[in-house]
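Okay, so here's the structure we're looking at.
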Amino acid sequence: APVVSTGQAMGPSESVGQGQVGRKYAQGLEAFQADDMTTARAKFEEVIELEPDLPEAHAALALVMVRQEAYEEALAETEKTLALRPDDVASLKIQYECYKGLGNKEMEDALLDKLIVASPEPDLAPLVFNSAVGRIQTGDMAGGAVRFEQVLALDPELLPVYSALARVYFDLGRLEDSVKMSNEFLAREPGNGEVLGVLYLAQDRLGNEAEAQAAFEQLKGADSSQVARVMQEMAISNFNNGNLAQAQELLEKVLEMQPDHAKAHYHLGLCYVSAGDAAKAKEMLSKFIELAPDDPDAAVAQEMLSTL
């Protein structure tokens, strides 16, 4: 969905006055609403010829250009709007759309930061959430945490951000914060297996035996496959970040819950390979091939076995 709505970028025709300028502006609005971008563009350009310093016309033309995917031209129009009306949030949103359309991640991120300051409204939360996910996917856990924290400030009612922060804080070793976010989420959605799994692991690692046991008791009523999945994901994240001991611990817990979890055997085998324990690596990789002979990683596991 577009970041900026028509109403945000285009004021009503009354806002630009009467006479020829007002009529042409109204015709441009009508064409835009009819999805006739060619006519809309022509009308707004005519308005600008008549009144070059009308910010509404530049903003409206920029939005038309975005819909035409003429992003560079739209950026130029937004600069004209901002020169006339420096606090125009709609133009910042149009610029965000332009940089997103151009694939300029650096500027897209910079515009998102500007918008968070200029217009800290809940409607920005999904955009910032997606930015956080993007950072996590590129391995920027700390940057992802910052973005998720911004989401929380923008929209405290957005439940997924609590579970996301619980996971990210755990991976960053911010265990107390992970516990806090887990409990915040579970207060709103009790019994969620994924978050209970994170809570159990965080409490266990903190040495809070009673709290960890309480979380574990709740886990017994959750979907074990769901819990195993989140633990495996966290194990892979730890493995990729070089935290082999933590990855191994998590994968062993997965196998306690699901002894025939094929991928857990595979990734635990990789842990043992990295740790130099050839005997255990062979055991895990062989079990993985036995459980999932058609898995895409089975050939990789077989090749590794031949070198151990």
Side-chain angles (χ1 to χ4, degrees), residues 1-135 147 150-151 154-155:
V3 177
V4 59
S5 68
T6 305
Q8 289 174 315
M10 299 179 176
S13 57
E14 294 81 7
S15 67
V16 301
Q18 302 298 316
Q20 191 176 10
V21 169
R23 286 195 300 273
K24 288 185 179 295
Y25 187 88
Q27 289 166 357
L29 281 178
E30 184 179 350
F32 184 92
Q33 290 162 353
D35 204 29
D36 181 358
M37 296 302 148
T38 302
T39 300
R41 178 167 179 161
K43 291 301 178 183
F44 291 132
E45 287 173 339
E46 289 174 14
V47 171
I48 290 169
E49 285 181 16
L50 292 167
E51 196 164 336
D53 292 336
L54 187 65
E56 290 88 349
H58 289 290
L61 181 56
L63 188 57
V64 170
M65 289 170 170
V66 168
R67 299 298 181 264
Q68 293 179 320
E69 298 184 0
Y71 299 119
E72 296 287 0
E73 291 179 283
L75 283 169
E77 286 302 318
T78 59
E79 290 299 336
K80 294 173 185 176
T81 307
L82 289 166
L84 295 164
R85 194 163 58 193
D87 60 349
D88 191 74
V89 172
S91 289
L92 293 178
K93 290 184 176 182
I94 291 173
Q95 287 185 341
Y96 174 85
E97 286 202 44
C98 288
Y99 287 120
K100 187 176 182 67
L102 291 167
N104 189 330
K105 296 293 184 184
E106 183 178 351
M107 287 304 298
E108 180 186 332
D109 217 37
L111 260 297
L112 198 54
D113 284 328
K114 284 186 179 181
L115 283 167
I116 290 168
V117 173
S119 180
E121 301 296 332
D123 65 343
L124 278 183
L127 296 179
V128 184
F129 192 99
N130 290 339
S131 175
V133 172
R135 290 185 177 189
R147 277 287 191 243
Q150 290 171 328
V151 174
L154 288 166
D155 188 1

Nearest heavy-atom neighbours spanning [X] and [Y]:
{"X": "Glu108", "Y": "Tyr99", "value": "N-CB, 3.8 Å"}
{"X": "Asp88", "Y": "Thr81", "value": "OD2-CG2, 3.9 Å"}
{"X": "Ala40", "Y": "Gly28", "value": "CB-O, 3.6 Å"}

Residues that Lys114 engages under side-chain contact (heavy atoms from CB on, under 4.5 Å), provided they are two or more places apart: Leu92, Leu111
Residues in side-chain contact (heavy atoms from CB on, under 4.5 Å) contact with Ala125, at least two apart in sequence or another chain: Val151, Leu154, Asp155, Leu158
Please report the interatomic distance [atom1]([X]) to [atom2]([Y]), rounded to the nearest 0.5 Å.
{"X": "Lys93", "Y": "Leu112", "atom1": "NZ", "atom2": "CG", "answer": "11.0 Å"}
{"X": "Leu127", "Y": "Gln150", "atom1": "CG", "atom2": "CD", "answer": "12.0 Å"}
{"X": "Asn104", "Y": "Tyr96", "atom1": "CG", "atom2": "OH", "answer": "12.0 Å"}
{"X": "Thr38", "Y": "Gln68", "atom1": "OG1", "atom2": "CD", "answer": "6.0 Å"}
{"X": "Glu56", "Y": "Glu51", "atom1": "CD", "atom2": "CD", "answer": "8.5 Å"}
{"X": "Glu77", "Y": "Cys98", "atom1": "CD", "atom2": "SG", "answer": "10.5 Å"}

Within-4.5 Å side-chain heavy-atom neighbours: Arg147 and Ile116: yes
Side-chain heavy atoms of Thr39 within contact of Phe32, under 4.5 Å: no
Cationic N near anionic O, under 4.0 Å, Arg135 to Asp109: yes
Those residues that, when tested against Glu69, pass side chain to side chain donor-acceptor pair (under 3.5 Å) (two or more places apart): none
Expected output: side-chain Thr78 to main-chain Leu75 donor-acceptor under 3.5 Å: yes
Step-by-step side chain to side chain contact (heavy atoms under 4.5 Å, CB included) determination, Gln95 to Met107: CA-CA 9 Å; Gln95 287 185 341; Met107 287 304 298; over 6 Å; no
Pairwise ring-ring contact (aromatic ring centres under 6.0 Å, His included) hits with a residue in residues 49-73, at least two apart: none
Sequence neighbours excluded - ring-ring contact (aromatic ring centres under 6.0 Å, His included) pairs with any residue from residues 108-133: Phe129-Phe148
Pairs under 3.5 angstrom only: tabulate donor-acceptor contacts from the side chains of residues 43-50 to other protein residues two or more places apart or in another chain.
unit_1: Lys43; atom_1: NZ; unit_2: Gln27; atom_2: OE1; d: 3.2
unit_1: Glu45; atom_1: OE2; unit_2: Arg41; atom_2: NE; d: 3.1
unit_1: Glu46; atom_1: OE1; unit_2: Lys24; atom_2: NZ; d: 2.7

Neighbour count >12 (heavy atoms, 6.0 Å) for atom CD, Glu30: no
